[in-house]
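Some notes on the structure that comes next.
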Amino acid sequence: AGYLLGLRTKDVDDLLRVAVVPESRGRGFAKMLIEVFCSKQRVLLEVAKDNEAALALYQSCGFQKIHTRPAYYQGVDCIVMERADQA
């Protein structure tokens, strides 16, 4: 139904991509993939400012905006988000 691509390092993970096929969206698959991946104390990701669905998903998973890269994606700002250990 979907996949997650990430990069694991010693102290921080980078969430690179989450995708779910259209007919399976809205069922919690992306959130489940993110929760399984977020096992480290710190996870970072980047998302286009105009990707409202992804921003809402990431915020619901505990990510917070930490930086903006102006005009990063063909004129669209990039939002850098972080999820720190919630334990």
Side-chain angles (χ1 to χ4, degrees):
Y3 71 92
L4 182 146
L5 177 64
L7 175 65
R8 293 197 182 273
T9 63
K10 183 178 178 183
D11 59 351
V12 66
D13 291 341
D14 287 309
L15 194 160
L16 303 174
R17 179 169 295 190
V18 178
V20 175
V21 294
E23 57 271 14
S24 295
R25 292 181 185 157
R27 297 184 189 171
F29 290 119
K31 191 167 188 172
M32 179 187 67
L33 290 168
I34 291 169
E35 292 300 327
V36 170
F37 180 75
C38 292
S39 63
K40 297 277 178 123
Q41 290 187 341
R42 187 172 182 223
V43 180
L44 298 173
L45 64 83
E46 297 175 354
V47 61
K49 183 179 181 178
D50 61 356
N51 190 340
E52 294 176 14
L55 284 166
L57 169 66
Y58 299 142
Q59 289 170 344
S60 77
C61 290
F63 284 87
Q64 296 181 357
K65 176 182 169 182
I66 60 169
H67 184 68
T68 301
R69 294 185 176 134
Y72 188 77
Y73 296 115
Q74 298 177 339
V76 177
D77 291 354
C78 168
I79 305 296
V80 180
M81 301 182 84
E82 173 185 50
R83 177 174 153 166
D85 186 6
Q86 298 176 347

On a heavy-atom basis, which atom in Asp14 and which in Phe37 lie closest, and how many Å separate them? O-CZ, 3.7 Å
How close do Glu23 and Arg27 get, heavy atom to heavy atom, and via which atoms? O-NH2, 3.3 Å
Within this structure, what is the CG-CD distance for the pair Leu4 and Glu35, rounded to the nearest 0.5 Å? 11.0 Å
Is there a side-chain contact between Lys65 and Leu55, using heavy atoms and a 4.5 Å cut-off? no
How far does CG of Asn51 sit from CD1 of Ile79, to the nearest 0.5 angstrom? 11.0 Å
How about CD on Gln64, more than 12 heavy atoms from neighbouring residues, nucleotides or ligands closer than 6.0 Å, or not? no
For the atom pair CG (Asp77) and NE2 (His67), what is the distance rounded to the nearest 0.5 Å? 10.0 Å
Exam field: side chain Arg25 to backbone Val20, donor-acceptor pair closer than 3.5 Å: yes
Shortest non-hydrogen contact between Leu33 and Gly2, atoms and distance: CD1-C, 4.1 Å
Any non-hydrogen side-chain atom of Phe29 less than 4.5 Å from a side-chain atom of Val21? no
So, for Arg83 and Gly62, which heavy atoms are closest and what is the spacing to 0.1 Å? CG-O, 4.0 Å
Leu57 versus Phe63: any side-chain heavy-atom pair under 4.5 Å? no
Between atom CE of Met81 and atom CG of Leu44, what is the distance when rounded to the nearest 0.5 Å? 11.0 Å
Rounded to the nearest 0.5 Å, the CG atom of Asp13 sits from the CG atom of Leu7 at a distance of 7.5 Å
Working note: Ile34 + Val43, criterion side-chain contact (heavy atoms from CB on, under 4.5 Å); need CA distance, chi angles, decisive distance, verdict. CA-CA 10 Å; Ile34 291 169; Val43 180; over 6 Å; no
Shortest non-hydrogen separation from Val47 to Tyr73 and the atoms involved: C-CE1, 3.9 Å
Looking only at heavy atoms, which two atoms of Leu15 and Leu45 are closest? And how far apart? O-CB, 3.6 Å
